[in-house]
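Reviewing the structure listed below.
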Protein chains: 2
Amino acid sequence: MATPLPRDPIADARLNWERHGWSDVAAPMAAITAIMRTQQILLARIEGVLKPFGLTFARYELLALLSFARSGALPMNKASALLQVHPTSVTNAVDRLQQAGLVLRSPHPTDGRTTLIELTPEGRTLAKRATAALNSEVFAQSGFGDQDVDQLIRILGTFRRNAGDFSD
Amino acid sequence: MATPLPRDPIADARLNWERHGWSDVAAPMAAITAIMRTQQILLARIEGVLKPFGLTFARYELLALLSFARSGALPMNKASALLQVHPTSVTNAVDRLQQAGLVLRSPHPTDGRTTLIELTPEGRTLAKRATAALNSEVFAQSGFGDQDVDQLIRILGTFRRNAGDFSD
DNA sequence: TCCAAACCCTTGGATGTCCTAGTATATTGC
DNA sequence: GCAATATACTAGGACATCCAAGGGTTTGGA
């Protein structure tokens, strides 16, 4: 990893905002920028752990989602909705997972428009192993204190609800 | 935007983790997943505001960084370090900004390896207008309460420092 | 009954990110 | 002074994401 910067670039950006007379939005700007950067750091860690399994985060998420479905199968559009990504992203992920023999497509029994994604035994095994790796190498060492984890879940949960993700 | 889901998919994932005996990492998993999703929502908002200016977030960040540099110019490697992205990403952004007449490349006066990125008058003007738009349409309506903004800055600041972003 | 509107998935194109490798320039050490 | 190493940028490739558009399937109202 690169050498740490001598100063926090986001704190500097906040100072710049204040110097230019945008003090009223300097703090939210800093918070949002920090979320962007944190996501980047976390994604890099996750992808690093998944790489040995031949998985990316997008593919892992789909695999994990399927492994929790009772039947081990889901319609594409359902997966798209639950993962909250564009349908084309699911198409892309399924293409690659299918080529790797981890999932397969099957026609929906009653709706001819719908395609079901189904986990293969290999896919189920790999999902299990990848999850174990993520649990021990990323989630168990998240770098957030227990209280901060609770705060994040609360703050971001409210935000996501207000953004229209769910109506719970 | 899509119809809200009836249930929070991240809360459901957390329950799945607990059901599978991974209770010890279920909360950090939920927090990290929430950060991923929140970043996605915020990025979409930001890109929506920047689109009328012909800018993406990556290009805007570079433009904004240059506009705060005293001389209006920075070496590529400095920009890469401050934005905390790969050098090739900066090359990509500069290519497009240069094509749009917003920045230009000039040789470093003493180091032949280094290329300076310089803001054009058009670039400076556009940066100012785009920042005003982001301030009023995104940062001023972030969806986070004032106290939550402070919490986020604190929690994520600690995380980024521990991750090696800066040594402040 | 039947056709238009809605829905589902895929293709093609644009963008951004990273990695690896390659070229050019500086710096360091002998 | 010159060779070895380090640094700076760029080119090419792999992935993921989104949008726009197209083709097939269902549904619902006239």
Side-chain angles (χ1 to χ4, degrees), chain A residues 1-3 36-37 39-48 50-51 53-63 74-100 103-117, chain B residues 1-3 36-37 39-48 50-51 53-63 74-100 103-117:
Chain A
M1 39 221 82
T3 308
M36 298 292 185
R37 173 60 185 155
Q39 187 267 353
Q40 190 181 20
I41 294 168
L42 289 169
L43 182 60
R45 282 188 195 171
I46 291 170
E47 302 253 75
L50 292 177
K51 198 179 190 78
F53 298 99
L55 292 175
T56 63
F57 186 48
R59 297 179 210 169
Y60 166 76
E61 278 198 297
L62 184 51
L63 228 45
L74 278 178
M76 303 270 297
N77 66 335
K78 192 100 178 175
S80 170
L82 291 174
L83 296 176
Q84 308 189 266
V85 296
H86 203 274
T88 53
S89 298
V90 177
T91 296
N92 185 317
V94 171
D95 284 350
R96 298 167 192 282
L97 288 172
Q98 188 169 24
Q99 191 157 15
V103 306
L104 38 87
R105 278 179 236 242
S106 58
H108 190 286
T110 64
D111 189 335
R113 298 168 299 181
T114 299
T115 301
L116 290 176
I117 326 165
Chain B
M1 41 223 81
T3 309
M36 298 291 186
R37 174 59 187 154
Q39 187 267 352
Q40 191 180 19
I41 294 168
L42 289 170
L43 183 59
R45 283 189 195 172
I46 290 171
E47 303 252 77
L50 292 176
K51 199 181 190 75
F53 298 99
L55 292 174
T56 62
F57 187 48
R59 297 180 210 168
Y60 167 76
E61 277 197 297
L62 184 51
L63 228 46
L74 279 178
M76 304 268 299
N77 66 334
K78 193 97 179 180
S80 170
L82 291 174
L83 296 176
Q84 308 191 262
V85 296
H86 202 275
T88 54
S89 298
V90 176
T91 295
N92 186 318
V94 171
D95 284 349
R96 299 167 192 281
L97 287 172
Q98 188 169 25
Q99 192 157 16
V103 306
L104 38 88
R105 278 179 235 244
S106 57
H108 190 286
T110 65
D111 188 335
R113 297 168 300 182
T114 300
T115 300
L116 291 175
I117 325 166

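The shown structure was predicted, so the numbers you read here are calculated from the model rather than taken from an experiment. No hydrogens, no waters, no symmetry mates; every other heavy atom, side chains included, goes into these values. Within every chain, numbering begins at 1; the chains are lettered A, B, ... in the order of the sequence lines, protein sequences first and strands thereafter.
Across all strands, Asp111(B) comes closer than 4.0 Å only to sugar-phosphate atoms, never to a base (heavy-atom distances). Across all strands shown, Thr56(A) has heavy atoms under 4.0 Å from sugar-phosphate atoms exclusively, and none from any base. Within the 4.0 angstrom heavy-atom criterion, only backbone atoms of the sugar-phosphate kind lie near Asn77(B); the bases stay farther away. Residue-level contact check: Glu47(A) touches neither bases nor backbone, having no heavy atom under 4.0 Å from any strand. Thr110(B) comes within contact range of the sugar-phosphate backbone alone, with a heavy-atom separation under 4.0 Å but no base atom that close.
One interatomic measurement links the two molecules: NE2 of His86(B) to P of dC9(D), which rounds to 13 Å at whole-angstrom precision. Atom CG in Asp95(A) sits roughly 13 Å away from atom P in dC9(C) (whole-Å rounding). Atom CD in Gln40(A) sits roughly 8 Å away from atom P in dT17(C) (whole-Å rounding). A straight line from CZ of Arg96(B) to P of dG13(C) spans 16 Å, rounded to a whole angstrom. Here dT17(C) presents its C1' atom at 16 Å from CZ of Phe57(A), a figure rounded to the nearest Å. Atom CG in Leu50(B) sits about 15 Å away from atom P in dT15(C), given to the nearest Å. The distance between atom CD of Gln98(B) and atom C1' of dC9(D), rounded to the nearest whole Å, is 13 Å. Separating the CG atom of Asn92(B) from the C1' atom of dC9(D) is a distance of 13 Å, rounded to the nearest angstrom.
Leu104(A) approaches Gln98(A) most closely through the heavy-atom pair CA-NE2, 4.1 Å. Nearest heavy atom pair, residue Ile117(A) against residue Ala79(A), reads CD1-CB, 4.2 Å.
A donor and an acceptor atom sit less than 3.5 Å apart, one in the side chain of Thr88(B) and one in the base of dC19(C). If you check distances only, the side chain of Thr114(B) never reaches the base of dC9(D) with a donor-acceptor pair under 3.5 Å.
A donor-acceptor pair under 3.5 Å is absent between the side-chain atoms of Thr115(B) and the main chain of Pro107(B), judged by distance alone.
Look at Ser89(A) and you'll find a side-chain N or O under 4.0 angstrom from OP1 or OP2 of dC18(D).
Between Gly112(B) and Gln84(B), the residue whose closest nucleotide on DNA chain C is further toward the 5' end is Gln84(B). For the pair Lys78(A) and Ala58(B), nearest-nucleotide mapping onto DNA chain C gives the more 5' position to Lys78(A).
Between the CG atom in Leu50(B) and the OH atom in Tyr60(B) there is a gap of 7.5 Å [rounded to 0.5 Å].
Remark: the Gln99(A) side chain and the Arg96(A) side chain contain no N/O donor-acceptor pair separated by less than 3.5 Å.
Closest to the Arg113(B) side chain, of the nucleotides dT25(D), dT7(D), dC9(C), is dT7(D). Considering only side-chain atoms of Arg105(B), the nucleotide from dC9(C), dC9(D), dT11(C) that sits closest is dC9(D).
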